[in-house]
Amino acid sequence: MDPVIGIIGGSGLYQVDGLEEATWTSVDTPWGAPSDDVLVGTLSGTRVAFLPRHGRGHKHTPSTVPYRANVAAMKMLGVTHLVSVSAVGSFREEMAPGDFVVVDQFIDRTFARDKTFFDSGLVAHVSVADPVCAVLAKACAEAARQAGAKVHEGGTYLAMEGPQFSSKAESHVYRQWGCDVIGMTNMPEAKLAREAELHYATVAMVTDYDSWHPDHGNVQITDIIETLHGNVAKAAALVAALPGLVTHECTTGCATALDYAIMTATDARDPVVVDRLRTIAGRVL
Ligand SMILES: CSC[C@H]1O[C@H](OP(=O)(O)O)[C@H](O)[C@@H]1O
Ligand SMILES: Nc1ncnc2[nH]cnc12
């Protein structure tokens, strides 16, 4: 079976042009409705599903994005490879506004979100030691280069709750922790993608230096929007380049994440929860 690519578009990316036979498709999941309908079509012969993370018109805050429904909707549409395109602040001089960072690690500081598909009656513990699919990340980096972006491969993304930006003190602490970029949405998305056995990678588009940089003002939404507008064409070119680069190769074990993850004994499982979980974990249930 050929890969099916899912794109979750972040701030500034609310649609993709060039999808053939594209239709906005409504999907209902056991975890409710996703952020919006999903644009499903074909790009260079590959099936692609696009979902604007905040909804068209930017309706959802980072805390109210229905992350479980979004990932479940992608799984239900047959997506195998999920790519997040996200706006981020930078903690590194060399990761400048306009650059793209293909991150490989996350620190999850979010606290007001549902972070697992599993529940009482069906408990599972997947590994997120390597939360990003290394092979998909390589493909994303190549696609970003083909799109003309300056690309940094590897980096740690700090996920904050938001929606307010960090204080200066927080910004300095995150830098000292070794974080490279900061955003508000990639967690729990990456964790949920792993539970759903999807290959997941993030292309982080740097929009600002957060609030640590002595020579740049504190992060302002107006500056972010200006940088995002400059990035839209590159993000579109990146998406267009992906179909030729995504393969089923995987060295991270994304598609078998649930092999030994379920803890609940067969006779102790809640049938209602099991039924709900079939959507994303049917392979092992
Ligand atoms: C528009 S600035 C803050 C906002 O942008 C990022 O969203 P996304 O990851 O969906 O591109 C960031 O995480 C915040 O939600
Ligand atoms: N500085 C920042 N902090 C959190 N999320 C962001 N998204 C874009 N820039 C950001």
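Nothing fancy with the numbering, it's 1 onward along the sequence. Whatever order the structure lists them in is the order used to number ligands and atoms, beginning at 1.
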Which atom pairs, donor and acceptor, lie under 3.5 Å between side-chain atoms of residues 220-234 and protein residues at least two apart or in another chain?
from	atom 1	to	atom 2	distance (Å)
Thr227	OG1	Thr207	O	3.4
Thr227	OG1	Asp223	O	3.0

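- Taking the six-membered ring where the residue is Trp, His216 and His213 present perpendicular rings, their angle passing 60° and hence far from 30°.
- Residue Gly10 places no N or O, backbone or side chain, under 3.5 Å from any N or O of ligand 1.
- With a 4.0 Å cut-off on non-hydrogen atoms, Thr185 touches ligand 1 through its backbone as well as its side chain.
- Less than 4.0 angstrom separates some heavy atom of Gly183 from each of these atoms of ligand 1: 13 (O).
- For the pair His54 and ligand 1, the shortest N or O to N or O distance falls below 3.5 Å.
- Protein residues with a heavy atom under 4.0 Å from ligand 2 are Ala87, Val88, Gly89, Met160, Phe165, Ile182, Gly183, Met184, Thr207, Asp208, Asp210, Val219, Ile224.
- In this structure, Pro62 counts as a contact residue of ligand 1, since one of its heavy atoms falls inside 4.0 Å of the ligand.
- A salt bridge (charged side-chain N to carboxylate O under 4.0 Å, His left out) check over residues 208-222, counting only residues at least two apart or in different chains, returns nothing.
- Considering backbone and side-chain N/O atoms, Phe165 never comes within less than 3.5 Å of an N/O atom of ligand 1.
- Of all atoms in ligand 1, listed by their number and element, those nearer than 4.0 Å to a heavy atom of Ile224 are 2 (S).
- Aromatic pair His81/His199: ring centres closer than 6.0 Å.
- Under a 4.0 Å heavy-atom criterion, Ile221 is in contact with ligand 1.
- Counted within 6.0 Å of NZ on Lys115, heavy atoms from surrounding residues, nucleotides or ligands total more than 12; the atom is thus considered enclosed.
- Distance check: Thr61 OG1 to His54 NE2 gives 8.5 Å after rounding to the nearest 0.5 Å.
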I'd like a table of donor-acceptor pairs (distance under 3.5 Å, sequence neighbours excluded) in which one partner is a side-chain atom from residues 275-285, with atom names and distances.
from	atom 1	to	atom 2	distance (Å)
Asp275	OD1	Arg278	NE	3.1
Arg276	NH1	Asp119	OD2	3.3
Thr279	OG1	Arg276	O	2.7
Arg283	NE	Glu197	OE1	2.7
Arg283	NH1	Asp259	OD1	3.2
Arg283	NH2	Glu197	OE2	2.8
Arg283	NH2	Asp259	OD1	2.6

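- The nearest heavy-atom contact from the protein to atom 5 (O) of ligand 1 is Ser11 OG, 2.8 Å.
- Residues Asn186 and Ser86 bring a donor and an acceptor atom of their side chains to less than 3.5 Å of each other.
- Of the N and O atoms on the side chains of Arg113 and Tyr67, at least one donor lies less than 3.5 Å from an acceptor on the other residue.
- By the neighbour-count criterion of 12 heavy atoms within 6.0 Å, atom CZ of Arg109 is sparsely surrounded, having that number or fewer from other residues, nucleotides or ligands.
- The protein non-hydrogen atom at the shortest distance from atom 14 (C) of ligand 1 is Met184 SD, 3.7 Å.
- By the 30° and 60° cut-offs, the orientation of the rings of Tyr174 relative to Trp177 is tilted.
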